[in-house]
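Just so you know, ligand 1 is whichever comes first in the structure, and atom 1 is the first atom listed for that ligand. Computed from a predicted model, the values in this text were never measured in an experiment.
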Amino acid sequence: MSTEKTLSIIKPDATARNITGKINYMIEKSGLNIIAQKRIKLSKEVASRFYEVHKERPFFEDLVSFMVSGPVVVQVLQGENAVALYRRVMGATNPDDAEKGTIRKECALSIEANSVHGSDSVDNAKKEISFFFSETELYEG
Ligand code: GDP
């Protein structure tokens, strides 16, 4: 067991429906601590850079347009095995495949508008956290 941090993003479909509190409740109920969060509007340039690994995929342009369509809440979550735990709490990418009780099953609208992002590895979590947050914004106490 190790204490990790992971990056979460509450996506525009969720901010539009005012369910950020519901999602935060589900996160906290899982035992993860929200140690930093801010509500921001992504630019096309920033969203494209964040999702650069997907730039060859057919849905890339749609994904970027969706991510800039409204505010997002970027968050740092901390806890035991936070990266894998949050992936379980989120559920499968496609809400149709997600398990009952997961954020995506309970909240997502579609495979694209799936309410949340979570880092998929410890290495990516480090990169994604530093993409949005500076050291001084992360208080671990
Ligand atoms: P994740 O790690 O579960 O978020 O999934 P991926 O890394 O594979 O995809 C990143 C994001 O792209 C997903 O969370 C969705 O918002 C979006 N996405 C994934 N697959 C599709 C797809 O087939 N069509 C569309 N329109 N969007 C997709």
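- Here the side chains of R104 and E99 are not in contact, with every heavy-atom distance at 4.5 Å or above.
- With a heavy-atom cut-off of 4.0 Å, E61 does not touch ligand 1 at all.
- Looking from atom 7 (O) of ligand 1 to the surrounding protein, the closest heavy atom is H54 NE2, 3.1 Å.
- Residue R57 places a heavy atom less than 4.0 Å from ligand 1.
- Summary of contacts: the protein heavy atom closest to atom 13 (C) of ligand 1 is N114 ND2, 3.6 Å.
- Of the protein's heavy atoms, R104 NH2, 3.1 Å lies nearest to atom 4 (O) of ligand 1.
- Side-chain heavy atoms closer than 4.5 Å link hydrophobic residues (I, L, V, M, F, W, Y) into clusters, and following such links, even through other members, never connects M67 to I19.
- Considering only non-hydrogen protein atoms, atom 2 (O) of ligand 1 sits nearest to R87 NH1, 3.0 Å.
- Within the set F66, F60, F59, the minimum heavy-atom distance to atom 22 (C) of ligand 1 is found for F59.
- Looking only at heavy atoms of the protein, atom 3 (O) of ligand 1 is closest to T93 OG1, 2.6 Å.
- The shortest heavy-atom distance from D120 to ligand 1 is not under 4.0 Å.
- For the pair K5 and F133, the cation does not sit on the ring face, since its NZ or CZ is not both under 6.0 Å from the ring centre and inside 45° of the axis.
- Comparing H117, K11, E112 by heavy-atom distance to atom 14 (O) of ligand 1, the nearest is K11.
- Classification of the F132-F50 ring pair by plane angle, with boundaries at 30° and 60°, yields tilted.
- Ligand 1 lies within reach of I111, whose nearest heavy atom is under 4.0 Å from it.
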